[in-house]
Student: 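Pasting a structure here, questions to come.
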Amino acid sequence: MTIRALKNSESDFLSEMLYEAIFVPEGAVPFPRNIIREPSLSIYFTNWGKDHFDVALVAVEKEQRLGAIWGRLFSEKQPGYGFIDATTPELSMAVQPAFRNQGVGTGLLKAIFQKYQQLKVDQLSLSVVRANPACRLYQRLGFEVVTSTAKSWTMVKRLKQ
């Protein structure tokens, strides 16, 4: 597996991966694909690359894209689900279903940690549904719960010690 930067020609892949990132409990009816066009979700990929804190990486094996991770800054006026503050990039990540539980997510997370450390970012955030098995991965890699609701956690990973 190789992890590389998202190519300019691949920005549509972020919207595909955003759909995959929406947690659907086993046995539940999946959301319609156009849900990612809702303003609360489309902010995660619209106008991608608008500043240098828009960082996206893709896991690839034999030219097949296995998954992606991307981070972006949001504002208090237009926060993401895992918003902490205007200086903390919020991560989104998805791995294609056939490649889950094979280390792809771990590789993507570690790679984006390095990218944001190079940009002198202090911490990263994300939001995750508490029933999502990915919670264990995030905790294993050092994310801590900073806000909790009945259904989700906002988590932070500190990059500077």
Side-chain angles (χ1 to χ4, degrees), residues 1-8 10-23 36 41 43-76 78-149 152-161:
M1 175 179 73
T2 302
I3 297 176
R4 61 164 171 76
L6 180 83
K7 297 175 185 173
N8 290 338
E10 294 178 309
S11 59
D12 286 351
F13 188 57
L14 292 186
S15 60
E16 290 175 38
M17 288 292 90
L18 181 62
Y19 182 78
E20 289 297 332
I22 300 169
F23 179 70
I36 63 168
L41 291 174
I43 62 172
Y44 287 92
F45 62 86
T46 300
N47 298 322
W48 185 257
K50 63 183 167 89
D51 69 42
H52 72 283
F53 289 105
D54 278 2
V55 174
L57 304 173
V58 179
V60 180
E61 190 166 79
K62 298 178 184 169
E63 298 302 314
Q64 182 171 14
R65 296 178 297 197
L66 312 179
I69 191 166
W70 63 104
R72 158 172 266 186
L73 289 176
F74 292 104
S75 68
E76 285 188 42
Q78 194 175 30
Y81 287 101
F83 181 77
I84 297 295
D85 59 44
T87 64
T88 301
E90 182 179 338
L91 299 181
S92 301
M93 181 177 74
V95 175
Q96 302 276 18
F99 302 104
R100 292 179 184 161
N101 299 310
Q102 297 176 36
V104 177
T106 299
L108 286 166
L109 282 159
K110 288 180 177 180
I112 208 162
F113 296 165
Q114 290 179 333
K115 291 289 184 189
Y116 277 116
Q117 285 173 324
Q118 292 167 1
L119 292 173
K120 308 284 191 241
V121 168
D122 292 337
Q123 63 184 8
L124 300 169
S125 71
L126 57 79
S127 175
V128 62
V129 174
R130 293 170 70 163
N132 188 331
C135 290
R136 291 188 304 276
L137 168 63
Y138 301 142
Q139 290 175 313
R140 192 177 84 237
L141 293 181
F143 281 88
E144 298 174 358
V145 176
V146 293
T147 306
S148 181
T149 69
S152 68
W153 286 338
T154 297
M155 302 180 84
V156 167
K157 164 73 174 174
R158 299 188 200 306
L159 299 177
K160 302 225 175 179
Q161 300 297 334

Student: Examine the side chains of Arg130 and Thr149 and answer whether a donor and an acceptor come within less than 3.5 Å of each other.
Tutor: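 Short answer, no.
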
Student: Determine, stepwise, if the pair Leu126 / Thr154 fulfils side chain to side chain contact (heavy atoms under 4.5 Å, CB included).
Tutor: CA-CA 6 Å; Leu126 57 79; Thr154 297; over 6 Å; no

Student: Walk me through whether Tyr116 and Asp122 qualify under side chain to side chain contact (heavy atoms under 4.5 Å, CB included).
Tutor: CA-CA 8 Å; Tyr116 277 116; Asp122 292 337; over 6 Å; no

Student: For Thr106 and Arg140, which I'm curious about, is there any donor-acceptor pair between the side chains at under 3.5 Å?
Tutor: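 Thr106 vs Arg140: donor-acceptor pair found between side chains.
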
Student: Return yes if some donor-acceptor pair links the side-chain N/O of Glu10 with the main-chain N/O of Lys7 below 3.5 Å, else return no.
Tutor: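 Checking the backbone N and O of Lys7 against the side chain of Glu10, a donor-acceptor pair under 3.5 Å is found.
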
Student: For the atom pair NZ (Lys50) and CG (Asn47), what is the distance rounded to the nearest 0.5 Å?
Tutor: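 So the NZ of Lys50 and the CG of Asn47 are separated by 7.5 Å.
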
Student: Is there side-chain contact between Trp48 and Trp70, with at least one heavy-atom pair below 4.5 Å?
Tutor: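 Counting from C-beta outward, Trp48 and Trp70 do come under 4.5 Å.
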
Student: Does any non-hydrogen side-chain atom of Ile69 lie less than 4.5 Å from one of Leu109?
Tutor: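 The answer is yes, as the side chains (C-beta and beyond) meet within the 4.5 Å cut-off.
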
Student: Val128 and side-chain contact (heavy atoms from CB on, under 4.5 Å): which single residue from Cys135, Pro133, Ser152 fits?
Tutor: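 When Cys135, Pro133, Ser152 are each tested with Val128, the side-chain contact (heavy atoms from CB on, under 4.5 Å) holds only for Cys135.
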
Student: Write down the atom of Met17, the atom of Ala94, and the distance for their closest heavy-atom approach.
Tutor: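 What the structure gives for the nearest pair is O-CB, 3.1 Å.
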
Student: Take atom NZ of Lys62 as the centre, draw a 6.0 Å sphere, and report whether it contains more than 12 heavy atoms from other residues, nucleotides or ligands.
Tutor: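 12 or below, so no.
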
Student: More than 12 heavy atoms of other residues, nucleotides or ligands under 6.0 Å from CG of Asp51: is that the case?
Tutor: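 Yes, the 6.0 Å shell around CG holds more than 12 heavy atoms from other groups.
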
Student: Under the side chain to side chain donor-acceptor pair (under 3.5 Å) criterion, do Thr88 and Asp85 qualify, and how do the steps go?
Tutor: CA-CA 6 Å; Thr88 301; Asp85 59 44; 2.8 Å; yes

Student: Less than 4.0 Å between a side-chain N and a carboxylate O, is that true for Lys157 and Glu144?
Tutor: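 So Glu144 does not pair with Lys157 through a salt bridge.
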
Student: For Val55 and Leu119, what are the C-alpha separation, side-chain angles and deciding distance, and is it a side chain to side chain contact (heavy atoms under 4.5 Å, CB included)?
Tutor: CA-CA 10 Å; Val55 174; Leu119 292 173; 3.8 Å; yes

Student: Answer yes if the ring centres of Phe74 and Tyr44 are under 6.0 angstrom apart, and no otherwise.
Tutor: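 For Phe74 and Tyr44, the ring centres are under 6.0 Å apart.
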
Student: Do Met1 and Leu66 have side chains that approach each other closer than 4.5 Å (heavy atoms only, starting at C-beta)?
Tutor: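 Yes, close enough: below the 4.5 Å cut-off.
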
Student: Are any non-hydrogen side-chain atoms of Lys120 and Lys160 less than 4.5 angstrom apart?
Tutor: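 Lys120 reaches Lys160 side chain to side chain.
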
Student: Check whether any side-chain heavy atom of Ile3 sits under 4.5 Å from a side-chain heavy atom of Val58, and report yes or no.
Tutor: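 Of all side-chain heavy-atom pairs linking Val58 with Ile3, none is under 4.5 Å.
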
Student: Between Gln64 and Gln96, is there a side-chain heavy-atom distance shorter than 4.5 Å?
Tutor: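 Answer no - side chains too far apart.
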
Student: Got a donor-acceptor contact below 3.5 angstrom from the Glu90 side chain to the Gly82 backbone?
Tutor: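 Checking the backbone N and O of Gly82 against the side chain of Glu90, a donor-acceptor pair under 3.5 Å is found.
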
Student: Using the six-membered ring wherever Trp is involved, compare the ring planes of Phe143 and Phe113 and label them parallel, tilted or perpendicular (cut-offs 30° and 60°).
Tutor: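 Tilted, since the angle between the ring planes falls between 30° and 60°.
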
Student: For Gln123 and Arg158, indicate whether the former's side chain and the latter's backbone hold a donor-acceptor pair under 3.5 Å.
Tutor: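 Checked: no pair found.
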
Student: Could you tell me which non-hydrogen atom of Ser15 sits nearest to which non-hydrogen atom of Ile36, and how far apart they are?
Tutor: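 It is O-CD1, 3.5 Å.
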
Student: A side-chain contact here means heavy atoms from C-beta on lying under 4.5 Å apart; do Glu61 and Thr2 qualify?
Tutor: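 Answer no - side chains too far apart.
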
Student: Is there side-chain contact between Leu57 and Lys115, with heavy atoms separated by less than 4.5 Å?
Tutor: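 Side chain of Leu57 against side chain of Lys115, heavy atoms only: contact under 4.5 Å found.
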
Student: Look only at the side chain of Tyr81 and the backbone of Leu41, and say whether a donor-acceptor pair between them is shorter than 3.5 Å.
Tutor: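 No.
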
Student: How close do Ile43 and Pro79 get, counting heavy atoms only, and between which atoms?
Tutor: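 Scanning both residues, the minimum pair turns out to be CD1-O, 3.5 Å.
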
Student: Does Trp153 form a side chain to side chain contact (heavy atoms under 4.5 Å, CB included) with Val129? I'd like the steps, not just the answer.
Tutor: CA-CA 6 Å; Trp153 286 338; Val129 174; over 6 Å; no

